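Working notes for the structure below.
Hydrogens, waters and symmetry mates are skipped; everything else that's a heavy atom, side chains included, is used. Just so you know, these numbers come straight off a predicted model, no measurement behind them.
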Amino acid sequence: MAASSPSLLLPLVSASRDGLSVKKNPNTSRYIVATRVKYELRIISSETREHSCRFNSLSTRRDAMLLVLGVSGGLSMSSLAAYAAGLPPEDKPRLCEAECEKELENVPMVTTESGLQYKDIKVGRGPTPPVGFQVAANYVAMVPSGQIFDSSLEKGLPYLFRVGSGQVIKGLDEGILSMKAGGKRRLYIPGPLAFPKGLTSAPGRPRVAPNSPVVFDVSLEYIPGLESDEE
C-alpha cells in the first residue's frame with residue numbers, strides 16, 4: 001500500500017497479547033506503534049515527537065492508538081486491525097450467519113465430476129434455470145479463510161447474468177445450474193473453476209491468487225420469465 005503523503009510510514013510490527021508500545025523508528029524521526037494482539041498489523045503513524053509509552057487495558061490501548069494516529073474518536077481497534085491486515089470489517093452482511101454456519105456442518109457435501117463441491121443451505125421450491133437463461137442471484141465471495149473479496153449484498157442489488165454462458169466463473173455457472181429458484185447454496189470452487197489468472201480485489205479486500213480455491217455463498221433469487229412456486 002502506498003503512503004498518501006511523505007509523512008506517513010507503514011511499519012510491520014509483530015505482536016503478542018498484552019499491551020501496546022509506541023517507540024521511535026531508529027531510521028527516521030517518526031514513531032511506530034507496536035500493538036500486542038493476535039496478529040501482525042501494518043499501522044500508519046505520522047507521530048514526530050519523541051515519546052515512548054506502554055498500556056495494558058483494552059480501552060487505554062484503543063485511546064493510545066487513536067491518539068498516535070491522530071484520529072481520536074475514529075476507528076475502533078477491530079476496524080484498525082482489519083484495515084491494517086488488508087481485510088474488510090467483520091460486520092459485512094452474509095448469506096450464512098453464525099447459526100447457519102453451525103447447521104451447515106451437518107449438511108452432506110456433494111462433489112461433482114468437475115471437482116466442484118457444494119452444500120445446500122436451503123433448497124428452493126422454484127424452477128431450475130435452463131442454460132442461457134438470465135438469472136438474478138445474490139452472492140458473497142470469499143477466500144477459504146472466510147474473508148470476503150466481493151459481495152452483491154453490499155451493492156444492494158442481485159447480480160443479473162445468463163447462466164451457463166460463460167459470463168461468470170465456471171464453478172459459479174455449474175453451481176447455479178442445478179439450483180432451484182429460492183434456494184441458497186455454498187459452493188467450494190477449486191482453482192481451475194475459479195480465477196485462473198487471479199483477481200485483484202478492491203482496496204481493503206483479500207487478493208485472489210491465480211488458480212486458488214474460493215468459496216461462494218449464493219442465493220438464486222428468481223429467474224426472469226419463469227414462474228416460481230416460492231412464496
When you group the ILVMFWY residues by side-chain heavy-atom contacts below 4.5 Å and let the links chain together, are [Y] and [X] in the same group?
{"X": "Ile189", "Y": "Val110", "result": "yes"}
{"X": "Val168", "Y": "Tyr118", "result": "yes"}
{"X": "Met142", "Y": "Met109", "result": "yes"}

Do [X] and [Y] come within less than 4.5 Å of each other through their side chains, counting heavy atoms only?
{"X": "Val208", "Y": "Val214", "value": "yes"}
{"X": "Pro213", "Y": "Pro190", "value": "no"}
{"X": "Ile169", "Y": "Phe216", "value": "yes"}
{"X": "Asp217", "Y": "Tyr139", "value": "no"}
{"X": "Ile223", "Y": "Pro127", "value": "yes"}
{"X": "Thr111", "Y": "Leu116", "value": "no"}
{"X": "Arg186", "Y": "Cys96", "value": "yes"}
{"X": "Val131", "Y": "Val163", "value": "no"}

Any donor and acceptor pair, going by atom type alone, linking the side chain of [X] with main-chain N or O of [Y] inside 3.5 Å?
{"X": "Thr128", "Y": "Ser178", "answer": "no"}
{"X": "Lys155", "Y": "Ser151", "answer": "yes"}
{"X": "Lys119", "Y": "Leu104", "answer": "yes"}
{"X": "Ser201", "Y": "Pro206", "answer": "yes"}
{"X": "Asp173", "Y": "Gly166", "answer": "yes"}
{"X": "Gln134", "Y": "Arg162", "answer": "no"}

Give the minimum heavy-atom separation between [X] and [Y], together with the two atoms involved.
{"X": "Val218", "Y": "Ala137", "answer": "CG1-CB, 4.3 Å"}
{"X": "Gly175", "Y": "Leu187", "answer": "CA-CD2, 3.7 Å"}
{"X": "Val143", "Y": "Phe149", "answer": "N-CD2, 3.8 Å"}
{"X": "Ala194", "Y": "Ser212", "answer": "CB-O, 3.8 Å"}
{"X": "Pro224", "Y": "Ala136", "answer": "CD-N, 4.4 Å"}
{"X": "Pro158", "Y": "Asn138", "answer": "CA-OD1, 3.5 Å"}

Distance-only donor-acceptor check, side chains Arg185 and Ser219, under 3.5 Å: no

Distance-only side-chain donor-acceptor flag, Ser114 / Glu174, under 3.5 Å: yes

Step-by-step salt bridge (charged side-chain N to carboxylate O under 4.0 Å, His left out) determination, Lys184 to Glu103: CA-CA 13 Å; Lys184 291 183 184 180; Glu103 294 176 355; over 6 Å; no

For Pro130, side-chain contact (heavy atoms from CB on, under 4.5 Å) partners two or more places apart: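 Partners of Pro130 under the side-chain contact (heavy atoms from CB on, under 4.5 Å) test: Phe133, Leu226.
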
Candidates Leu199, Thr200, Asp150, Ile148 - the one meeting side chain to side chain contact (heavy atoms under 4.5 Å, CB included) with Arg205: Ile148

Check against side-chain contact (heavy atoms from CB on, under 4.5 Å), Val135 and Glu221: CA-CA 8 Å; Val135 298; Glu221 303 296 338; over 6 Å; no

Do other residues, nucleotides or ligands put more than 12 heavy atoms under 6.0 Å from the [atom1] atom of [X]?
{"X": "Glu99", "atom1": "CD", "result": "no"}
{"X": "Lys180", "atom1": "NZ", "result": "no"}
{"X": "Lys197", "atom1": "NZ", "result": "no"}

Step-by-step side-chain contact (heavy atoms from CB on, under 4.5 Å) determination, Leu95 to Leu153: CA-CA 8 Å; Leu95 287 172; Leu153 298 182; 4.1 Å; yes

